[in-house]
Amino acid sequence: MLANKTIVLGVTGSIAAYKAADIASKLAQAGAKVEVVMTESATKFITPLTLRSITSRPVVTDMFESTTEFSIEHVALAEAADVLVIAPATANIIAKVAAGIADDMLSCTVLATKAPIIVAPAMESNMFQNPITQENLVKLKARDFTIVEPGYGRLASGKVGLGRIAEVERIIGTIKQVLGRSKDLAGKRIVVTAGGTQEPIDPVRHLGNRSSGKMGYAIAEAARDRGAAVSLITAPVSLPEPVGIDVVPVKTAAGMKEAVDKVAAQADVLIMAAAVADYQPKTVAESKIKKETTSLTLELVRTPDILAEIKGNFLRVGFAAESEDIVANARQKLERKQLNLIVANDITDPTGGFGSDTNKVTLIDRDGKVESLPLITKREVADKILDKVVGLLNKGARVL
Ligand code: PMT
């Protein structure tokens, strides 16, 4: 989604300016055209040549521009920008922009652009927490700027505090989210479930499955990038928390049901990619079960079927993890759970299904249309599912 986008990256004079190189590099690798604008003080921390080499584009600084070039350049960049990102943003640039002052290339470009603007502050704790900086940030938020809040950590002074520039992944995730605002799922609320639920046996053991959460997370991220407001209800996984998504952690099938029932009530679409346990231990031992006997029998009872039982006026997309008669079995689940679309997942191939980065699925809708996809990445599968969802929403398809 970053490919062929023009991203103007404003770099200001903070020790975190070196992070701009990483941001520029990741954006350029994703196919974006990165136009860097540096304040003069930023050039004391990182050279324009570094950023020029990374982006393969000329870098605009305040140092050598004549007045004429200056005015042409800032208008051209302001108009070309799909998004303008100031990272790192010092207290000084934040104050200038909040006051509407335009006295250098970067502040002129900010004032001249109609593109969305993202600001990633980086400064000493006291400067960040100073009411003046906080008021300036409130002003920017009121004017629709997106602030990527700084984190807590080691600062230039050697002290530890709030003011450390946000992680690069977070800044890039925010860029994607902002760019997605004009896409085909803009204004839609989508709930996605992911991961494998864990049903406790005793305080240290549980029944689980091999779901890594990758499929559900890919759908949540793809929906975010296409403009949706996404809630991700996730069983325990070891994936990084995605940016710009409302993440609701759960553990058990019952916990997932409670969260889905609550969050999906306001949704347009529910996509259940989670591998929900079908059974749970009838009772949970209060203390660790001792290995005193040669065998142990656990009595299991059914968990709630979240998808089959849920009520509400939203599109339902289910998955069916199948190892035989894939399409026929998936069709039965589509009927039984009253779904608009089912994603039949062939789990016989180790490069698809549980744990892998790729997947091989067949999409089946209620009109009987069957689309078998080749082995592709989970992100590609996610976008194919969302293409179908967009088609169903456009057709006005709703709960059956
Ligand atoms: O997480 P990954 O490692 O990336 O793997 C992805 C995946 C293989 C887990 C995913 O692609 C997948 O197939 N998810 C569904 C697995 C599954 O539980 O299928 P099922 O056929 O048992 O369930 C059918 C549907 O009902 C699913 O949408 C499931 O979320 C839902 N369900 C199941 C049981 C239950 N008690 N409540 C439910 O809502």
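As the structure lists them, so they are numbered: ligands from 1, and atoms in each ligand from 1. Computed from a prediction, not measured in an experiment: that's the story for all the values here.
The parts of A321 lying near ligand 1 are both backbone and side chain, judged by heavy-atom distances below 4.0 Å. Only the side chain of T303 comes within 4.0 Å of ligand 1, counting heavy atoms alone; its backbone N, CA, C and O stay farther away. Contacts of D278 with ligand 1, taken as heavy-atom pairs under 4.0 Å, involve the side chain alone. With a 4.0 Å heavy-atom cut-off, ligand 1 is reached by no atom of A194. Of all the heavy atoms of V276, the ones lying under 4.0 Å from any atom of ligand 1 are found in both the backbone and the side chain. Residue contacts with ligand 1, taken as heavy atom pairs separated by less than 4.0 Å, involve A273 solely via the backbone atoms N, CA, C and O. With a 4.0 Å cut-off on non-hydrogen atoms, A277 touches ligand 1 through its backbone and not its side chain.
Donor-acceptor pairing under 3.5 Å is recorded for the side chains of D104 and S107. For the residue pair S25 and Q29, a side-chain donor N or O sits within less than 3.5 Å of a side-chain acceptor on the partner. Judged by distance alone, the side chains of T50 and Y18 never bring a donor and an acceptor atom under 3.5 Å apart.
Distances from ligand 1 to the non-hydrogen atoms of P304 include at least one value under 4.0 Å. At least one heavy atom of K378 sits under 4.0 Å from some atom of ligand 1. Note on ligand 1: A253 sits outside its first shell, no heavy atom being nearer than 4.0 Å.
We find that K395 and D365 are not joined by a salt bridge, their nearest charged nitrogen and carboxylate oxygen being 4.0 Å or further apart. Checked for salt-bridge contact, D357 and K214 meet the test: a charged N lies under 4.0 Å from a carboxylate O. At a threshold of 4.0 Å, the pair K26-E167 does not count as salt-bridged, since none of the basic side-chain nitrogens sits closer than that to a carboxylate oxygen. Of the charged side-chain nitrogens involved, at least one lies within less than 4.0 Å of a carboxylate oxygen, so that R366 and E335 count as a salt-bridged pair. Between R331 and D325 there is no salt bridge, since none of the side-chain N atoms of the basic residue sits less than 4.0 Å from a carboxylate O of the acidic one.
Looking only at heavy atoms of the protein, atom 13 (O) of ligand 1 is closest to N345 OD1, 3.2 Å. Closest protein heavy atom to atom 23 (O) of ligand 1: F319 O, 3.7 Å. The protein heavy-atom contact nearest to atom 21 (O) of ligand 1 is K333 NZ, 2.4 Å. Nearest protein neighbour of atom 18 (O) of ligand 1, counting heavy atoms only, is A275 CA, 3.5 Å.
Summarising the local packing, CD1 of I132 is surrounded by 12 or fewer heavy atoms from other residues, nucleotides or ligands at distances under 6.0 Å. Atom CG of N126 is surrounded by 12 or fewer heavy atoms from other residues, nucleotides or ligands within 6.0 Å.
At least one N/O-N/O distance between S211 and ligand 1 falls below 3.5 Å.
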